[in-house]
Amino acid sequence: MAAPQPEPGRCAYFVARKKRFCRMVPALGWRFCGEHGQQEKENDRKRIPCPLDPKHTVYEDQLQKHLKKCNSREKPKPVYFVQDINAGLKDVAEIPEKQVTLSSLSKEELENLIIKLKKATNGLELDLKEQILSHKALHEALNDPKNGESAFKHLKQQVDGKHKKRDSVFERLQVDIQHLCLNKVPSLEKKRLPVVGIGKHLCGAATDLALRCLVESYATCCEGENEEPAAKRPKNDKTEMADKSSADNERNKEDFKPVAGIVIALCCHHKCDWTHYVGREFFQSVGLGPVEFHYFQRMSSWATCGMRETITTTSEENEDHTNNTEEHDQPYSKTESGFDTLQGLPVEERKEIGALCKLLIDHGRIKYLQQRGYRATLQYYTESALRQKKDQKCNSPTFLEDNRLK
């Protein structure tokens, strides 16, 4: 059997970890790309790991030049960067130092966890309302016969870019949500605009960071400014007109809602973190804490991509699964799923337990919003058939909507 060869025009370096050749394009006349240039026998220049990020390399004689433009270099912080403003819990003593995996628990301990879960979710709404919304911006594309079935499904799930032809201004904020202070964003600070938060892939803890960013960072700050007393002014012949204008301004302040609404497609409950979770108060009110939260967020994966009936696959199947798995999926783990301990638990019951874990975590978020004067609800936003397909890919079908109470 002939030895494998790189694709024409591609790097000749064989990546052992991926069991294939590098797919980068080398410079004209070279066999290897810049990343693997050290493999060239005729190349005397030495490549070293970048000190800012050892995941990539750089020519040693160009190190200083590279450090000035490396994407991993520390950049100046924008004005809206406030360290850990949306992080949440400051007292790390509340979090156990060592968190035990599910597989390390005895059958009795897992059964006790499940009892606690069912007790905490008793009385919660299990049958969520289905509300499928559409926008006229998509209708033309959806009715275009040139779009095939795959494009049709894609369009039904995504609306990005459909509004770019309109007279709108777009601004991208390159900052971690954990450190984003919205009221310091120049365009919002200047115009005092109401905000609508939309989240499509706010994995796990990112949902909690976003909620705190909107509800605590932006809304609270704006409301505080609106409560400032009006400055005194001397009386004159225009007092009546000024009073009318002042009254109009007061009515506008009353109607102004810093956060007009929030819509979040929830996903990746297994990536939630007690440190950032906004529903801690709810958890504690039902007798739960960080330990139970740790297990429940792991068990939430049972609802969709958790414990399969068949766990033995060939190496080729594993590689295909890795290549096709979406970035939001949780890879199957026999150890984390506690498979040995729960072998006698039916698959359908495990799925039910996983769904309850998700519901409990999301209900804590609902309570958080309701306590701050919002109407909040969990709803399905896609058809049942599409939800089932998404479940196979570990995406949560639930939908979070909240609007400010008047």
Side-chain angles (χ1 to χ4, degrees), residues 99-130 203-204 266-272 279 283 286-314 317-318 320-322 324-326 328-364 366 378-399:
Q99 296 177 328
V100 182
T101 60
L102 285 171
S103 60
S104 302
L105 298 178
S106 66
K107 184 177 180 179
E108 290 72 24
E109 288 173 322
L110 273 171
E111 287 176 347
N112 287 334
L113 273 175
I114 294 171
I115 291 173
K116 287 184 177 181
L117 172 67
K118 291 184 176 180
K119 182 180 178 181
T121 54
N122 184 34
L124 298 185
E125 182 61 48
L126 301 179
D127 298 323
L128 304 182
K129 179 182 177 182
E130 185 178 275
C203 294
L266 302 163
C267 69
C268 304
H269 294 73
H270 62 277
K271 291 186 177 180
C272 290
F283 253 65
V286 293
L288 304 174
V291 175
E292 290 82 6
F293 181 86
H294 166 69
Y295 292 126
F296 291 161
Q297 55 99 200
R298 299 303 303 174
M299 292 160 63
S300 68
S301 64
W302 295 0
T304 53
C305 63
M307 305 155 66
R308 301 293 189 224
E309 293 180 86
T310 303
I311 63 170
T312 304
T313 55
T314 64
E317 287 174 337
N318 280 330
D320 289 341
H321 174 74
T322 302
N324 294 328
T325 298
E326 295 185 359
H328 300 278
D329 293 358
Q330 180 186 24
Y332 171 79
S333 170
K334 177 179 175 179
T335 301
E336 282 302 305
S337 296
F339 182 87
D340 294 332
T341 307
L342 285 179
Q343 278 188 0
L345 200 62
V347 173
E348 289 304 315
E349 187 172 347
R350 293 198 293 265
K351 290 182 178 179
E352 179 186 344
I353 291 170
L356 288 178
C357 289
K358 288 188 173 189
L359 178 66
L360 187 66
I361 292 172
D362 290 335
H363 191 73
I366 292 292
L378 287 168
Q379 298 177 347
Y380 287 118
Y381 65 96
T382 58
E383 298 93 339
S384 176
L386 183 58
R387 290 204 301 271
Q388 290 172 6
K389 184 171 183 179
K390 286 171 73 65
D391 281 349
Q392 294 172 7
K393 295 184 177 180
C394 311
N395 291 316
S396 172
T398 48
F399 163 93

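The figures that follow rest on heavy atoms only: side chains count, while hydrogens, waters and symmetry mates do not.
With rounding to the nearest 0.5 angstrom, the CG atom of Leu378 is 4.0 Å from the CD1 atom of Ile366. Atom-to-atom distance recorded for Asn112:CG and Glu292:CD is 10.5 Å, nearest 0.5 angstrom. One distance of note links CD of Glu108 with CD1 of Ile115; it measures 10.5 Å at 0.5 Å rounding. Atoms CG and OG, on Leu359 and Ser300 in that order, are 12.0 Å from each other to the nearest 0.5 Å. The CG atom of Leu356 sits 8.5 Å away from atom CG of Leu124, with the distance rounded to the nearest 0.5 Å. Expressed to the nearest 0.5 Å, how far SG of Cys272 lies from NE2 of His294 amounts to 13.0 Å.
Of all heavy-atom pairs spanning Ala355 and Ala303, the tightest one is N-CB, 3.4 Å. The two residues Gly289 and Phe283 make their nearest non-hydrogen contact at O-CD2, 4.2 Å. Shortest non-hydrogen contact noted between Leu102 and Tyr295 is CD2-CD2, 3.5 Å.
No side-chain heavy atom of Leu288 sits less than 4.5 Å from a side-chain heavy atom of Phe293. Using a 4.5 Å heavy-atom cutoff, the side chains of Leu113 and Leu105 are in contact.
For Gln297 (side chain) and His270 (main-chain N/O), a donor-acceptor pair under 3.5 Å exists by modelled atom type. Glu109 contributes a side-chain N or O that, together with a main-chain N or O of Ser106, makes up a donor-acceptor pair within less than 3.5 Å. Asn122 places no side-chain N or O within 3.5 Å of a backbone atom of Lys118 that could act as its donor or acceptor partner.
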Evaluate side-chain contact (heavy atoms from CB on, under 4.5 Å) for Met299 paired with Ile114, printing each intermediate quantity in order.
CA-CA 10 Å; Met299 292 160 63; Ile114 294 171; 4.2 Å; yes
Under the side-chain contact (heavy atoms from CB on, under 4.5 Å) rule, what do Thr121 and His363 come out as? Steps first, then yes or no, please.
CA-CA 9 Å; Thr121 54; His363 191 73; over 6 Å; no
